[in-house]
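All ligand and atom numbering here is 1-based and tracks the order in the structure.
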Amino acid sequence: MDPIENQHTQAHTVKKNKKKKKPTASGEISQQCRDLLSAFPVELQNTRAKGRHAIASESLEPGTTVCREQATSYIVRSPYIDKQCHVCLNSLDHGDISHSFTCDACNRVYYCSEECRDHDRAMHDSMCSVINRLDGIASECSVDVDLLRLMLGLLARRAQDPQDGQTSTPTPFEYVLELVHNREKISSDFIQVITQACEYILWFTPDYIIRIQYLLWEKNSFTATMLNDILPEDMKMDVNELALQESLLISSSQSINSNAHGLGDVQSRNTDSALGLFPLGAMFFNHSCEPNCNFVGLRDGKLEFRTLKKVIKGDELCVSYIDLFAPRNERRGNLLYTKQFWCKCRRCSTPMEKSVDRFLNGVICRQCHKDVYVIPPAHIDGKTSVKDDESAATYSCAQCHHAAPHSLVAGTIERADNQYNQAIGMIRQRKYGRAKDIFNTLIKAQDNSKTGNFTLHNFNAILMNSCVPLMNCYVFEDNHMAAIHVNRQILSKLRDSGAVPENSPEIGDFLINLGELCLNVAKESHGKALVEERWKQEAETALKECVKLREIAFGPAHGKTIAAQELLQSCQ
Ligand SMILES: [Zn+2]
Ligand SMILES: [Zn+2]
Ligand SMILES: [Zn+2]
Ligand SMILES: [Zn+2]
């Protein structure tokens, strides 16, 4: 029997009388799902071709909220554990934990206020006794401790979910299990270590009777049943329930691995200091390499989905989980590895010679200098084995069809890639000056295609990936003018290539960065009023654009929008 089906059957047997409605893996969409999203202009669909997805129920302007979901469970990641409130994710007074509230029993949770502590009391009480053991379990089983903390949180959430089929926020635990449809693609090693970790977690469950019985049950299931026969009524345990809990823990670990979202500290720029599971969003907002929506972490562990551009009624609403300024093979490989699917979105299905993707690993045509040699995309063999197409002896230009030998085109990319890796190696050794020189050589070599050498296209991802650390090298040595020059190049690549959607948060990050750099140069202008004015103007233009973009991508009240607004005010 399919292990997933098996879990669902078990869940159904045990909780048969408790839940009236549960989401189903295929076919119709439950009323509960529809209720949870009824406030938003979306229609939920489930078709044979696309599976579950959401479409716009009316035409939408950029910056429209299409889903807001409270995480089933979320945690503050270990490095930030005493730096952020575990409920509202606010910073705890710059790490001064004497001003924060903690649980005296475990000292593993921190809150900004009594209010937040009280809010979390019921949930925390049910896991307090186990939480201290997780470090030990994690190192014993070689599992990430944050994964275990989130799994434990999910189990606690399950106990808190309403049992009468009522709609609840946070999203009910049942939905987390709905996300597990890739069990056969998860490595057996992972299943093995997680199973062991789960057994430990249940072993430290608060009720010692359950512990003893669990051990007996594990050794010999008859013993637990026999023990149950002689135990007084109030000490009897449900062996099925314990087995169920273990299988739920294992399933949730897989869900987390492929569906958890980073959440940020509300005040800072760090968008990855907390981790939450948002099954509703993951269920209905599919990935596309040309997304029309963005997801953004909010206060109190909420995740919001917003449109980035105009959406026509009936269009599917999609988000992206990956770097979109990456060649097709790289994006697909990344998604296959992290999300266990081979992307067949519109961008990935467009013939290479017509897609923006040809530029991202493109080498400029030596005859027409206008387009690039088309490198055929890799294909997938079976379920996981990715194969490069190496049959072609030559690659031909998308426009004039000039043919170039495979070895020369591939060699050009390989050389650039080696230089890039060499420079990154220098940065790791903190040799910024050397790194800067290598990046500059790499980038400048691409300017003179007239010399007859093969050169990379301006949108080639290797060049983009070189520009970002190069700019940081300049910032590091306070060379603001050079940093501005590179920042402008990055912005024009992002905007002109069509590889990222309009109003993409990434563009906003380089706009605010440009604004900051220009303000720095304005300050350094030593009383030359005209010069100062000129730089302030460029800062103002960049920051205005950034505010506008972030109002769309994050919403007007979001911390990142406000940060851009404050900077804009400072230069007016
Ligand atoms: Zn708080
Ligand atoms: Zn505690
Ligand atoms: Zn794609
Ligand atoms: Zn050509």
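- Between the SG atom of C103 and the SG atom of C106, the angle taken at the Zn ion (ligand 2) works out to 110° after rounding to 10°.
- Nearest N/O/S atom of H124 with respect to the Zn ion (ligand 2) is recorded as NE2.
- Distances shorter than 2.8 Å separate the Zn ion (ligand 3) from the protein N/O/S atoms C289 SG, C343 SG, C345 SG, C348 SG.
- For H119, the NE2 atom counts as loosely surrounded, since its 6.0 Å shell holds 12 or fewer non-hydrogen atoms of other residues, nucleotides or ligands.
- Q399 places no side-chain N or O within 3.5 Å of a backbone atom of D371 that could act as its donor or acceptor partner.
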Q.
Does L92 form a side-chain contact (heavy atoms from CB on, under 4.5 Å) with Y110? I'd like the steps, not just the answer.
A. CA-CA 9 Å; L92 297 173; Y110 295 86; 3.6 Å; yes
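- K309 and N503 share no side-chain donor-acceptor pair at under 3.5 Å.
- For the residue pair N465 / Y420, no side-chain donor-acceptor distance below 3.5 Å is found, with atom types taken as modelled.
- Between S273 and the choices Q84, R77, K83, the side chain to side chain donor-acceptor pair (under 3.5 Å) rule is met once, by Q84.
- Closer than 2.8 Å to the Zn ion (ligand 1) sit the protein N, O or S atoms C85 SG, C88 SG, C112 SG, C116 SG.
- Between R306 and E304 there is a salt bridge, since at least one side-chain N of the basic residue sits less than 4.0 Å from a carboxylate O of the acidic one.
- For the pair K302 and E69, the salt-bridge criterion is not met [side-chain N within less than 4.0 Å of a carboxylate O].
- In summary, the side chains of H86 and Y111 do not present any donor paired with an acceptor at a separation below 3.5 Å, with no hydrogens or angles considered.
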(Q) Could you walk me through whether R149 and D144 satisfy the salt bridge (Lys or Arg N to Asp or Glu O under 4.0 Å) test, starting with their C-alpha distance in whole Å, then the side-chain angles of each, then the deciding distance to 0.1 Å, before giving a yes or no? (A) CA-CA 9 Å; R149 283 169 59 222; D144 179 25; over 6 Å; no
